[in-house]
There are 2 protein chains.
Amino acid sequence: MQVFIDYLQNYIELTKEEASLVSSNIKSRNYLKGQYIVQAGDVCRYQTFIVSGITRTFYLDDNGNEHIITFGIENWWNGDMMSFINQSPADFNIQCLENTQVIQIAYHNIENLFLKVPKMERFFRIIIQSAYANTQKRIIRNYSMNAKERYHLFCEEYPQIVQRVPQYMIASYLGITKEFLSQIRNQSKS
Amino acid sequence: MQVFIDYLQNYIELTKEEASLVSSNIKSRNYLKGQYIVQAGDVCRYQTFIVSGITRTFYLDDNGNEHIITFGIENWWNGDMMSFINQSPADFNIQCLENTQVIQIAYHNIENLFLKVPKMERFFRIIIQSAYANTQKRIIRNYSMNAKERYHLFCEEYPQIVQRVPQYMIASYLGITKEFLSQIRNQSKS
DNA sequence: CAGCTCCAATAAAGTAGTTTAAGAAAGGGG
DNA sequence: CCCCTTTCTTAAACTACTTTATTGGAGCTG
């Protein structure tokens, strides 16, 4: 819990009362490796902040193929935004790749929290705008860079993720086959 | 769906109208190997009937050790009963050990179904009373039999389960270590 | 031809199962 | 009260199996 409050203070300043209001509107929860925070078809009821662990968000297409949309690590937010804001069935699955500890804010608490601690609006605005900017950057990169360049950039930007998830998932994230990723990795060594 | 209606007819006789009322209050769902039907901390929203596949229900203690409460196979019911009746967070995890097809009755439908098809009350009474009797039997056995006897009884009663789940899970169900189970199995051969 | 996919073979790493040996806890017999 | 047996655990080492990663070749496409 305190981890989360500390993290918030990087973005906004909270009085003691505000901090305790925040605390009373959030819940801590532990997931096991392999468990799902959100399953496609369910409604995404929480915005989820990762305290420790790692997640993958993926889409399962009609042929049964998984496409990794994004990973999530310590201090990141996770959730199917579309499902959360409309409280409609989620398209994405969010699965824990390690035992994962999270803080969650429920849909039915979040408006209440905004009302009582308006600074939280500011906080979420900042978070969401940076998430938005990142997806845009990613789309551009997918058009303008080849797989090798995308992989190396990924390694630079998220060395923690590269260490911790299987390569076939990174391949899926980059939009290539695991075999081709293996080739790319090999080229770089020599 | 029909599989389930057929199964019901073993316990109660349904008219066509009643059968279609039942059908309209239940849902079929497929889980992949490894997926969870119920995760500890979630509210158990369904009573789940296994059409095909196999599940384990386990409890995770504070030291991170798993304790298998029960397995579930074809034509069995599954669910965290306490969580379901109180709609409170579940203590147990229910995980599919194979791809598993189920029929589910939602909490918000079940009372409605009882109202419209009172025979279903009878059906659930029978199911639950036999589940209850089984847990009692199990408790008694844990006090009165040693691990070897418990294992052999388990093999006799549930040969289908023994074939299909890893041994370390059977050991956990019996309340012993996998090493000791391995010894027991070995003794029996000679 | 660069940039990739798909398929098949093989290697490496991780998970499950077995074996053995040492030892703790509980109960019974002398 | 001590010794012995039964019942089970812990730890370590080793085998078997499954999943993940690598490699190579053939093939498609702009």
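No hydrogens, no waters, no symmetry mates; every other heavy atom, side chains included, goes into these values. Since the model is a prediction, treat every value here as computed from it, not as a measurement. Each chain gets a letter, A, B and so on, in the order the sequences are listed, and its residues count up from 1.
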Checklist entry - Which part of the nucleic acid does A:Ile176 contact within heavy-atom distance under 4.0 Å: base, sugar-phosphate only, or nothing? => result sugar-phosphate
Checklist entry - Base, sugar-phosphate alone, or nothing: which one does B:Tyr168 contact when heavy atoms must sit under 4.0 Å apart? => result sugar-phosphate
Given atom [atom1] of [X] and atom [atom2] of [N], what is their separation to the nearest angstrom?
X        : N      : atom1 : atom2 : result
B:Lys148 : D:dT6  : NZ    : C1'   : 12 Å
A:Phe180 : D:dG24 : CZ    : C1'   : 14 Å
A:Tyr143 : C:dG3  : OH    : C1'   : 17 Å
A:Tyr151 : D:dT22 : OH    : C1'   : 13 Å
B:Ile170 : C:dT18 : CD1   : P     : 10 Å
A:Gln187 : C:dG3  : CD    : C1'   : 10 Å
A:His152 : C:dG3  : NE2   : C1'   : 14 Å
B:Gln183 : C:dA22 : CD    : C1'   : 12 Å

Considering only [options], which nucleotide approaches the side chain of [X] most closely?
X        : options               : result
A:Lys178 : C:dC4, D:dT22, D:dC8  : D:dT22
A:Pro166 : D:dA21, C:dA16, D:dT9 : D:dA21
A:Ser182 : D:dT22, C:dC4, D:dT7  : D:dT22

Checklist entry - In terms of the nearest nucleotide of DNA chain C, which residue is placed more toward the 5' end: A:Lys33 or A:Met145? => result A:Met145
Side-chain N or O of [X] less than 4.0 angstrom from OP1 or OP2 on [N]?
X        : N      : answer
A:Arg185 : D:dT22 : yes
A:Gln167 : D:dT22 : yes
A:Thr177 : C:dT5  : yes

Item to check | Mutual orientation of the aromatic rings belonging to A:Phe71 and A:Tyr173 [parallel < 30°, tilted 30-60°, perpendicular > 60°] | outcome: tilted
Checklist entry - Hey, what's the ring geometry for A:Trp77 with A:Phe4, parallel, tilted or perpendicular (30° and 60° as the breaks)? => result perpendicular
Item to check | Inter- and intrachain pairs under salt bridge (charged side-chain N to carboxylate O under 4.0 Å, His left out), touching residues 120-136 of chain B, at least two apart | outcome: none
Checklist entry - What about A:Ile50 and A:Tyr7, same hydrophobic cluster or not, with Ile/Leu/Val/Met/Phe/Trp/Tyr joined at side-chain heavy-atom distances under 4.5 Å? => result no
Next on the checklist: Main chain of A:Glu13, side chain of A:Lys119: is a donor-acceptor contact present, judged purely on distance under 3.5 Å?
Outcome noted: yes
Checklist outcome for this item: Result for 5'-nearest mapping on DNA chain D, choosing between B:Glu179 and B:Arg150, is B:Arg150
